Amino acid sequence: MTPEKNDTDAIEQDIVHHTITTLCRGVYNIDKLAMYQATAHSVRDRLLEDWNLTQEALHRENPKRCYYMSMEFLIGRALDNALNCLKVKKNYKESVDNLGFNLEDLLVEEKDAALGNGGLGRLAACYMDSAATLDYPTWGYGLRYQYGIFKQIIKDGYQNEMPDYWLNFDNPWEFPRTDIRYEVRFHGYVATKMNEKGESRMSWEGGDKVQAMAYDVPIPGFDTKGCGNIRLWSSKPLNTFDFDSFNAGDYDRSVSEQTNAQNLTSVLYPNDNHLVGKELRLKQEYFFVSASLQDIIHRFKRAKCPWKDFPDKVAVQMNDTHPTLAVPELQRILVDVEGLEWDDAWDIVTRTFAFTNHTVLPEALECWSVPMMEKILPRHMQIIYDINLFFLQKVERDFSPDRELLKRISIIEETSPQQVRMAYLAVVGSHTVNGVAALHSDLIRKNLFNDFVKYYGPEKFINITNGITPRRWLYQSNPGLRDLITKTLGSEEWATHLDQLEGLKKYAEDASFQEAWADVKFQNKKRLADWIKTNMNITVNPHALFDIQVKRIHEYKRQYMNILSVIYRYKSLKKMAPEDLEQQVPRVVIFGGKAAPGYYIAKLVIKLINSAAEVINNDSSIKDMLKVVFIPDYNVSLAEIIIPASDISQHISTAGTEASGTSNMKFVLNGGLILGTVDGANIEIGEQIGEENIFMFGVLADAVDDIRHNQKYHGLFIDASLQVVIDAIQGGEFGDPSIFGPLINTLTYGGDYYLISTDFKSYLQKHTEVDDTYRDKAAWNKKSIMCTAGMGFFSSDRAVRTYAEKIWKLKPFKVEA
Ligand code: CR1
């Protein structure tokens with residue numbers, strides 16, 4: 001960026017120019033939203049320059065590229081991030097100031113791009129940030145949903161859902177590519193045809209077609225000229241019109257076909273870690289991979305390389321099984337359309353794809369019914385059968401003729417109707433499979449993919465522990481801590497070399513550093529307390545211990561156990577003598593998160609939290625020693641305010657259920673301590689920051705099966721502390737107890753699948769330990785500093801570099817100014 005372009009006058013002129021031209025508004029008649037838009041357009045122009053520079057250079061040099069295929073990208077807001085990446089935030093602040101506005105007020109006008117459910121989608125966004133920052137030639141591919149994740153509204157304590165109209169205003173962060181369009185087919189039939197060489201080939205014919213149009217979302221890298229890209233596909237009707245229906249007087253029908261085409265990418269399925277086997281979802285998945293592969297192949301063909309070189313130019317990472325149809329789709333294109341022999345094509349396919357598994361929860365593993373697949377994708381179903389047949393023949397010949405094994409390992413599950421196991425298809429179609437934290441990768445090697453590990457050998461199954469971008473999750477969201485760290489370490493290089501945070505360790509016991517550190521935390525807690533006051537009219541004391549659990553509401557994540565423990569605390573406080581009450585550590589317990597609209601039990605948990613909050617927050621007898629807040633509509637931009645404000649955050653999934661978790665990393669990076677189970681990335685966080693700096697409790701993953709078995713055959717043990725809580729709920733202390741019956745039943749009649757009764761006692765003990773530790777401010781501050789200082793490993797830069805080196809075989813590609 002030339003210096004002239006960064007002086008405040010030039011920026012002001014630029015913003016005014018966009019106000020007049022892009023927005024067609026007078027400069028003196030302008031509100032915050034319009035000012036935000038004009039500012040965003042001005043920043044976007046700068047990104048565009050970098051974007052073009054990068055894409056032109058890539059086109060010229062044609063290095064190997066990686067494509068990250070993900071049905072979800074949970075990006076959040078873009079303006080603040082872009083200003084930081086381009087290092088022009090100060091300049092823009094001044095210019096906007098001169099124009100009579102406050103930059104911070106403008107930033108919050110932006111709507112979140114919320115094209116994801118939770119961790120999986122946010123991970124994809126962090127990885128795109130790191131790939132751009134590290135100059136890896138990587139593009140994301142995804143879908144441009146017109147409605148992102150729903151807005152959550154709390155009414156009478158219950159979750160209500162409202163559509164997310166995020167595109168209602170102009171979106172400066174996407175570039176429509178009206179010229180980049182591909183046709184995508186559904187249904188139809190399979191015929192045999194002669195190809196140009198006179199060979200007989202299958203051909204997918206007939207059916208319905210829609211069009212995929214590209215929208216590009218630029219992804220700025222931090223302090224680099226390079227700019228990444230996420231290409232999102234939107235479905236459009238083909239430019240054809242059903243004249244037969246029209247002429248037959250059936251105008252409605254001819255128009256409704258067009259509408260159907262558009263509906264394909266209307267809405268993001270709002271389920272986290274849960275499959276709903278809807279036909280429209282299957283169509284979305286195919287639409288997504290078909291358009292992306294056509295685009296990738298189009299780019300590959302420009303260089304006129306032979307097909308066998310495809311894997312030397314293209315790496316595709318499948319973010320969970322959602323893009324797995326890309327495997328049979330590429331095989332189909334190579335064999336049916338390009339005329340390659342099956343084995344040559346399959347060699348190319350399996351050298352191209354790699355697959356990340358993100359879950360072991362059975363309800364989240366994608367299985368598609370064979371009849372549905374046959375109807376929508378008849379040729380793909382044949383190809384999947386063939387892939388499976390050749391695979392099983394090989395297993396039988398080279399490994400073991402054991403029929404039970406063959407049945408277990410088959411891509412087709414012999415249920416009625418038959419099902420395609422997408423995770424198995426992804427494993428067979430990929431050269432490398434990875435889990436997302438050490439424990440999770442062990443578990444999938446031992447359980448889910450055990451037969452495959454034995455057959456292929458262990459090298460194919462690796463671990464790459466998740467990471468988070470320090471740019472959004474510290475640099476941007478916690479300016480106070482950012483500045484303190486930069487001042488202490490002498491430069492802001494840590495933002496791209498997170499290991500440098502180690503340098504903070506030597507100040508961990510330094511009294512004045514501790515004081516500065518604690519003050520930053522206090523200011524962040526105040527910022528959150530103010531937000532809560534302004535938006536929810538609840539007063540919370542920023543001097544209290546802030547105890548936070550924000551994530552999707554799910555039984556396995558055990559928000560239920562958390563609220564049960566809060567009720568236990570409340571009951572204990574109520575029993576205390578006034579002099580004891582005064583001695584307690586005051587707590588503010590904060591919850592946030594969405595439940596899938598169809599997830600009845602999760603929605604009841606939200607109701608219980610709100611009902612308990614209502615009673616506790618209005619009970620003056622406990623002297624403000626406990627407050628409970630459920631923050632509605634948790635999303636990326638709220639996370640940016642909530643996460644820096646934690647003293648304790650909770651990551652308390654039943655051992656073995658949370659593949660990794662990534663918010664755990666964000667909290668600790670911001671100097672918050674974890675109260676957590678021995679699960680997911682909590683374990684590695686403890687290893688990195690020191691076990692003395694994390695509060696861990698609960699049974700271990702390898703004990704879970706036996707405990708479940710014993711509970712089933714020998715009954716549950718509900719200890720006295722848990723019974724107190726159940727009695728209070730059933731006694732109506734938090735409203736009509738019949739409402740909560742089904743929830744209580746998951747414990748008492750449901751066999752307590754998530755082992756709340758097993759872990760409850762040790763959980764309460766840890767809470768007491770948290771309180772006791774918090775009383776000693778110096779000890780607490782030291783732990784908090786050690787938390788941040790030990791988090792270098794969890795940068796998404798480390799994770800992406802590992803993917804690039806171990807899986808994608810990709811080199812950075814530096815764009816010069
Ligand atoms: C996991 O539940 C993990 C993210 C990102 C989720 C969570 O523990 O941090 O993925 N899995 O790896 C998921 O959404 C469909 O599976």
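Whatever order the structure lists ligands and atoms in, that order sets their numbers, starting from 1. Only a predicted model underlies this, so the values are computations on that prediction, with no experimental measurement involved.
Figure legend: Lys111 and Trp166 shown without cation-pi pairing, the cationic atom not lying both under 6.0 angstrom from the six-membered ring centre and within 45 degrees of its axis.
Partners of Tyr803 under the ring-ring contact (aromatic ring centres under 6.0 Å, His included) rule, at least two apart in sequence or in another chain, are Tyr127, Trp808. For Tyr556, the side chain to side chain donor-acceptor pair (under 3.5 Å) partners are Asn273, Glu658, not counting sequence neighbours. For Tyr475, the ring-ring contact (aromatic ring centres under 6.0 Å, His included) test picks out Phe222, with sequence neighbours left out.
The aromatic rings of Trp139 and Tyr141 sit perpendicular to each other, their planes meeting at more than 60°, with 30° as the lower class boundary.
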Taking a 3.5 Å cut-off between nitrogen or oxygen atoms, can you list every pair linking ligand 1 to the protein, with distances?
| from | atom 1 | to | atom 2 | distance (Å) |
| --- | --- | --- | --- | --- |
| ligand 1 | 2 (O) | Asn273 | ND2 | 2.8 |
| ligand 1 | 2 (O) | Tyr556 | OH | 3.2 |
| ligand 1 | 2 (O) | Glu658 | OE1 | 3.1 |
| ligand 1 | 8 (O) | Glu658 | OE1 | 2.6 |
| ligand 1 | 8 (O) | Ala659 | N | 3.4 |
| ligand 1 | 8 (O) | Ser660 | N | 3.0 |
| ligand 1 | 8 (O) | Gly661 | N | 3.0 |
| ligand 1 | 9 (O) | Gly661 | N | 2.9 |
| ligand 1 | 11 (N) | His358 | O | 2.9 |
| ligand 1 | 12 (O) | His358 | ND1 | 2.6 |
| ligand 1 | 12 (O) | Asn466 | OD1 | 2.9 |
| ligand 1 | 16 (O) | Asn273 | OD1 | 3.4 |

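Remark: the backbone N or O of Arg552 is paired with a side-chain donor or acceptor of Gln559 at under 3.5 angstrom.
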